[in-house]
Amino acid sequence: MVREFVEHKELFIGGRWEAPSGNDVIEVVSPSSGEIVGRVPHASREDVDRSVTLARRAFDSGPWPRLPLEERLVVLERFAAALQTRIPQLAAAISSENGSPITWALASQAGAPATVCGLAVQTARAFAFETRRAGLRNEVIVRYEPVGVVAAVVPWNAPAFVSMNKLAPALAAGCAVVLKPSPETPLDAYILAEIAEEVGLPEGVLSVLPADREVSEYLVAHPGIDKVSFTGSVGAGKRIMEVAAANLTRVTLELGGKSAAIILDDADLDHAVSTIGAASWALNNGQACVALTRVLAPRSRYDEIARRLTEAAKAAVVGDPEDPKTQVGPLVSRRQQQRVLDYIRIGREEGATLLTGGGVPEGLEQGCYVRPTVFGDVDNSMRIAQEEIFGPVVCLIPYDDEEDAIRIANDSDYGLSGAVFTANSAHGIEVARRIRTGTLTVNGFATEPTAPFGGFKNSGIGRELGEEGLRSFLEAKSISIAG
């Protein structure tokens, strides 16, 4: 299928479309066909300097952080409404950029940003930005004020959704933002910039700078930045924390995951297996930090679970992401495809049993495809069980009893998501309480946008979404009244 070519020649700097400082460009390559589907300017350090200067002016002396809260929220309501009307355009752009199946792109990639924006408005309206407390010595006013200029660095796997997880609460708080989209997926960020222009954000409040890792590090290290909100790999998160420490820049890091789905021996296997399939290989083609990639099965039902998972993976429809029938599309790039294929090789070398998958689907060699893959007889110490593969690969791990399942689930450097499947929901909650991870679902899989989202251990620092997500863009101030 021939995809529409999209080209942008300007950058969105402080609310205006301006020529980039340099001549470098980013070419967007379709992961399903290998053809170039877009081209945008590659932002330079000079563009970062311009954007941060305008953002500092907007925050330090401009109107945005000084507007009454309700006036900011009215602008964000317009933003949410505009996002809603742009869902088909956003979905098409993201599907073209990163290979998300179009049905999933419409429902989640493009549908979720408007929801997140609307919920951020509701959260800010209900939030107590100023309260009075009776202290031991004096009455105290406790205020929450915007943290300042924010560098929002987003990944390629869910670009618009993650962007709005950061933009909506930051703007509601009164911050100015420099948004740095991934070089793999800059096209959707231009749609967000167009909306920002339409809804009337004041000068300097938002810039959008597509760029590579080098320019991203320059942005993070910039002395004009007060807060970094980053979503991506653990390695990149550690580097950001190191760079930001030089300026004592606040950081929120949403990093990787290796989430466990614990199937208890009384679980409904039809429901458990269908949910795990949707939350692993069919979740953005396995490229999701929250994906359920470790399936913990009781030995008493291991063979039945292995058979059902294998059948489900074989039945998944792999193909062109623009085909509504497609459930699993390509990985984002040749590099990512090779990474996943290398892990499949490692799994076989480690002694795991390849139950299904393990290669490139026949007839789809021109794209970055990998067949949905299930490994059986996996020991939790294996690399395929400990390291984030970020592709359509599931590890099936047997356990002896419930205590063993909890031990295995917690035996990970990660702690982002997870699930427990059981006929007894109350007992499932008890098990969930014992898992060291930021989010869990009992008898399902969901990221609840009104609740805090983030990870334990190497899965990150801080939280997004809900009231906690708003607080991450605020600083607390105490005013003691002595007389």
Practice item. Output, in order, the C-alpha distance, side-chain angles, deciding distance and verdict of side-chain contact (heavy atoms from CB on, under 4.5 Å) for E464 and S472. Key: CA-CA 8 Å; E464 296 185 327; S472 74; 5.8 Å; no
**Study point:** Audit row: L331, V370, side-chain contact (heavy atoms from CB on, under 4.5 Å) steps and yes/no
**Key:** CA-CA 7 Å; L331 302 184; V370 173; 3.9 Å; yes
Check your understanding: Can you check side-chain contact (heavy atoms from CB on, under 4.5 Å) on I406 and I435, steps first, answer last?
Key -> CA-CA 7 Å; I406 293 169; I435 308 302; 4.1 Å; yes
Review point. Taking it one step at a time, do F390 and W156 satisfy ring pair (Phe, Tyr, Trp, His ring centres under 6.0 Å)?
Key: CA-CA 12 Å; F390 224 60; W156 46 259; 5.6 Å; yes
Exercise for review: Might you work through the side-chain contact (heavy atoms from CB on, under 4.5 Å) test for L192 and L206, ending with a clear yes or no?
Suggested key: CA-CA 10 Å; L192 299 184; L206 178 63; 6.0 Å; no
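One distance of note links CZ of R132 with CD of E130; it measures 7.0 Å at 0.5 Å rounding. From R294, atom CZ reaches atom CD1 of I276 across 12.5 Å, with rounding to the nearest 0.5 Å. Put simply, CD1 on I262 and CG on L292 are 11.0 Å apart, with the number rounded to the nearest 0.5 Å. For the atom pair CZ of F445 and OG of S280, the computed distance is 9.0 Å after rounding to the nearest 0.5 Å. To the nearest 0.5 Å, the span separating OG1 on T85 from CD1 on I87 amounts to 8.5 Å. With rounding to the nearest 0.5 angstrom, the CG atom of L167 is 8.5 Å from the SG atom of C117.
Of the possible polar contacts, none joining the T326 side chain to the V318 backbone as a donor-acceptor pair under 3.5 Å is found. Here the side chain of T252 pairs no donor or acceptor atom with the backbone of S229 at under 3.5 angstrom. In this structure, N458 contributes its side chain and Y414 its backbone to no donor-acceptor pair below 3.5 Å. Of the possible polar contacts, one joining the S95 side chain to the S100 backbone as a donor-acceptor pair under 3.5 Å is found. With hydrogens and angles disregarded, a donor-acceptor distance shorter than 3.5 Å links the side chain of N284 to the backbone of N157. At least one donor-acceptor pair closer than 3.5 Å links the side chain of T439 to the backbone N or O of L416. Judged purely by atom type and a 3.5 angstrom limit, N443 uses its side chain to pair as donor or acceptor with the backbone of T422. The backbone N or O of G99 lies less than 3.5 Å from a partner atom in the side chain of N285, making a donor-acceptor pair. Here the side chain of E184 pairs no donor or acceptor atom with the backbone of V332 at under 3.5 angstrom. A distance-only check finds no donor-acceptor pair linking the side chain of E27 to the backbone of R39 [under 3.5 Å].
By the 4.0 Å N-to-carboxylate-O rule, E217 lies close enough to R239 to be salt-bridged with it. Between E388 and K258 there is no salt bridge, since none of the side-chain N atoms of the basic residue sits less than 4.0 Å from a carboxylate O of the acidic one. With respect to the salt-bridge test (charged N to carboxylate O, under 4.0 angstrom), the residues D212 and K180 do not qualify. Between E194 and R86, at least one side-chain nitrogen of the basic residue sits less than 4.0 Å from a carboxylate oxygen of the acidic one, meeting the salt-bridge criterion. Of the charged side-chain nitrogens involved, at least one lies within less than 4.0 Å of a carboxylate oxygen, so that R471 and E467 count as a salt-bridged pair. Note on E77 versus R125: salt bridge recorded, some NZ/NE/NH1/NH2 to OD/OE distance being below 4.0 Å. Under a 4.0 Å N-O distance rule, the pair R50/E18 qualifies as a salt bridge. Ionic pairing of E214 and R45 is present here: one or more N-O contacts between side-chain nitrogen and carboxylate oxygen are shorter than 4.0 angstrom. Using a 4.0 Å cut-off between charged nitrogen and carboxylate oxygen, R16 and E10 do not count as a salt-bridge pair.
Screening R250, K227, R143 for a salt bridge (Lys or Arg N to Asp or Glu O under 4.0 Å) involving E475 leaves a single residue, R250.
At least one side-chain heavy atom of L209 sits under 4.5 Å from a side-chain heavy atom of S51. Residues V442 and F421 are not in side-chain contact: their nearest non-hydrogen atoms beyond the backbone lie 4.5 Å or more apart. In this structure, N98 and P31 have side chains that are not in contact, with every pair of non-hydrogen atoms separated by 4.5 Å or more. Within the 4.5 Å cutoff, no side-chain heavy atoms of H222 are placed close to those of V228. Side-chain contact check for V177 versus L171: some heavy-atom pair is nearer than 4.5 Å. Side-chain contact between F59 and P146 is present, with heavy atoms from C-beta onward closer than 4.5 Å. Inter-residue side-chain proximity for L119 and T450 is flagged as met; some heavy-atom pair is nearer than 4.5 Å. Two residues are said to be in side-chain contact when any heavy atoms from C-beta on lie closer than 4.5 Å; F453 and S417 fail this criterion.
Pairing each heavy atom of C289 with each of E254, the nearest pair is SG-OE2, 3.4 Å. Minimum heavy-atom separation, A55 to A176: O-CB, 3.7 Å. The shortest heavy-atom contact between P449 and L465 is O-CB, 3.7 Å. Residues Y144 and A476 share a closest heavy-atom pair of CE2-CB, 3.8 Å. L470 and P169 make their closest contact through CD1-O, 3.7 Å (heavy atoms, listed as atom of the first residue, atom of the second, distance). Between A236 and F230, the closest heavy-atom pair is CB-CZ, 3.6 Å.
In this structure, H8 and Y190 have parallel ring planes: the angle between them is below the 30° cut-off, well short of the 60° mark.
With sequence neighbours excluded, the residues that form a ring pair (Phe, Tyr, Trp, His ring centres under 6.0 Å) with F12 are W17.
Heavy-atom contacts from other residues, nucleotides or ligands closer than 6.0 Å to CZ of R66 number more than 12. For R213, the CZ atom sits in a loose shell: 12 or fewer heavy atoms of surrounding residues, nucleotides or ligands are nearer than 6.0 Å. Other residues, nucleotides and ligands place no more than 12 heavy atoms under 6.0 Å from the CZ atom of R436.
Using a 3.5 Å distance cut-off with no hydrogens or angles, the side chains of T231 and K166 do pair a donor with an acceptor. For the residue pair H42/N23, the side-chain donor-acceptor check at 3.5 Å is not satisfied. In the model, E35 has no side-chain atom that pairs as donor or acceptor with a side-chain atom of S30 under 3.5 Å. For S32 and D320, the side-chain atoms include no donor-acceptor pair closer than 3.5 Å.
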